[in-house]
2 protein chains.
Amino acid sequence: MAGRKKNSTYTRNEQYIIDCDLTYAVSRIGGRWKILILDKLDGKKQRFSGLKHELPQITERMLTLQLKALEQDGLVKRTVYAEVPPRVEYELTEMAMELVPIFKQLSRWGGKQRSLVNFIR
Amino acid sequence: MAGRKKNSTYTRNEQYIIDCDLTYAVSRIGGRWKILILDKLDGKKQRFSGLKHELPQITERMLTLQLKALEQDGLVKRTVYAEVPPRVEYELTEMAMELVPIFKQLSRWGGKQRSLVNFIR
DNA sequence: TATGGTACGAACAAATTTGTAAGTAATGGC
DNA sequence: GCCATTACTTACAAATTTGTTCGTACCATA
């Protein structure tokens, strides 16, 4: 998000796309890791290290970036405890919890679509 | 999709992510244009030029690429008529139509989330 | 004094996605 | 013959996203 060209077609088209509530929504949860992070937070608070543990493939940098974006979008709440070593807890907001049932349906669709495509090929 | 490094972390992580039905689903409809295209096809067949007209910002190249991907994923059916100049019609498949109600919910969520975030800032 | 754990930050590099600008085949009408 | 139309294709360039590697502050504990 930082250091973006302000008038490239690329950026102008992004604006255009975000006009639509649907594509706007997808842009908030898109990218490689966000949905997985939200999923790991479903039902339980987690520390940074806990998330890292549940998502072995993600790098710390990516985890940081995505958590920060999710927080800015009001999907994740971050709580810092003044301890040493530091402790930070992440949890879903109300807004994010409303996504859960939608994700369930999308997931079902994904399973169905995957087997269909595998069948065709 | 063509010309991908086969063993970069980038690609391995993609595999990892696609294990999950949910993130798999999102990967099928992700990207900048796919959802908008599916939306424009909801309820009516469209020609290539028709889609281009409804999405003034998309380039022909992108439209071609996305339609091809959607076709390969079984979300769009392509019909070619042997005429000159050529006529090609696109329409949603059953599988894609099942996304419509999910999209409706996501869209509602998007609207709500957008106003919430705007309110906070 | 040296060490270790936590949650990051910064500089840089790799890989992918998206956009630009041109060109193609086929053929009916002029 | 020449041009216009449609649905693409191709080579190239710009922009973003993702990954790699190192480094930091804090202090309790050894």
Side-chain angles (χ1 to χ4, degrees), chain A residues 1-18 23 26-27 29-37 45-53 55-71 76 78-90, chain B residues 1-18 23 26-27 29-37 45-53 55-71 76 78-90:
Chain A
M1 300 290 258
R4 257 185 143 162
K5 291 278 170 102
K6 283 304 172 208
N7 232 296
S8 59
T9 304
Y10 190 99
T11 298
R12 281 200 310 279
N13 277 352
E14 187 176 58
Q15 283 308 314
Y16 166 79
I17 276 158
I18 284 179
T23 42
V26 173
S27 76
I29 58 174
R32 180 158 284 188
W33 299 107
K34 283 184 188 166
I35 291 184
L36 289 172
I37 293 172
K45 293 183 185 182
Q46 292 243 44
R47 301 181 57 175
F48 186 89
S49 51
L51 287 169
K52 178 86 182 68
H53 185 73
L55 296 169
Q57 314 301 322
I58 201 174
T59 63
E60 298 192 346
R61 167 181 155 75
M62 276 299 119
L63 187 50
T64 302
L65 286 177
Q66 303 311 310
L67 282 171
K68 194 175 293 180
L70 289 170
E71 194 195 352
V76 154
R78 181 171 178 267
T79 312
V80 186
Y81 297 87
E83 304 174 359
V84 170
R87 182 159 65 99
V88 180
E89 281 187 349
Y90 294 92
Chain B
M1 300 289 258
R4 257 186 141 160
K5 291 276 169 102
K6 282 305 172 210
N7 232 298
S8 60
T9 304
Y10 189 99
T11 299
R12 282 200 308 280
N13 278 353
E14 188 175 56
Q15 283 307 314
Y16 166 80
I17 275 158
I18 284 179
T23 41
V26 173
S27 77
I29 57 174
R32 181 158 282 188
W33 299 107
K34 283 184 189 166
I35 291 183
L36 288 173
I37 294 172
K45 294 184 184 180
Q46 291 243 46
R47 301 179 59 173
F48 186 89
S49 51
L51 288 168
K52 179 85 181 64
H53 185 73
L55 297 168
Q57 314 301 322
I58 200 175
T59 63
E60 298 194 344
R61 169 180 153 77
M62 277 298 119
L63 186 51
T64 303
L65 286 176
Q66 304 310 311
L67 282 171
K68 197 176 291 181
L70 289 169
E71 193 195 353
V76 154
R78 179 170 178 268
T79 311
V80 186
Y81 297 86
E83 305 175 359
V84 169
R87 181 158 66 99
V88 180
E89 282 187 348
Y90 294 92

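Just the heavy atoms: all of them, side chains too, but no hydrogens, waters or symmetry mates, feed the values below. Everything quoted here is computed from the prediction, not taken from an experiment.
- Listed nucleotides D:dT6, D:dA7, C:dT6 differ in distance to B:Arg78; the shortest reach to its side chain belongs to D:dA7.
- Closest to the B:Tyr10 side chain, of the nucleotides C:dG5, C:dT20, C:dT16, is C:dT16.
- Between C:dA7, D:dT9, C:dT6, one nucleotide has an atom nearer to the side chain of A:Val88 than all others, and that is C:dA7.
- A:Phe48 and A:Glu60 make their closest contact through CZ-O, 3.9 Å (heavy atoms, listed as atom of the first residue, atom of the second, distance).
- Put simply, CD on A:Glu83 is 10 Å from P on C:dA7, counting in whole angstrom units.
- Residues satisfying the side chain to side chain contact (heavy atoms under 4.5 Å, CB included) criterion with B:Gln15, sequence neighbours excluded, are absent altogether.
- If you measure from atom CG of A:Leu65 to atom C1' of D:dT16, you get 13 Å, rounded to the nearest angstrom.
- Comparing C:dT16, C:dG19, D:dG19 against the side chain of B:Thr11 picks out C:dT16 as the nearest.
- Which of D:dT18, D:dC8, D:dC26 sits closest to the side chain of A:Val84 comes down to D:dC26.
- If you measure from atom CD of A:Glu60 to atom C1' of D:dT18, you get 15 Å, rounded to the nearest angstrom.
- Here the straight-line distance linking atom OG1 of A:Thr9 with atom CD of A:Glu14 works out to 12.5 Å at 0.5 Å rounding.
- In this structure, B:Tyr90 reaches the sugar-phosphate backbone alone: every heavy-atom distance under 4.0 Å involves primed, P, OP1 or OP2 atoms, never a base.
- Atom NZ in B:Lys52 sits about 15 Å away from atom P in D:dT5, given to the nearest Å.
- Of the candidate nucleotides D:dT18, D:dA7, C:dT20, C:dT20 has the atom lying nearest to any side-chain atom of A:Thr9.
- Toward the 5' end of DNA chain D, the nearer of the two residues A:Arg61 and A:Pro86, judged by each one's closest nucleotide, is A:Arg61.
- To the nearest 0.5 angstrom, A:Leu36 atom CG is 11.5 Å from A:Ile29 atom CD1.
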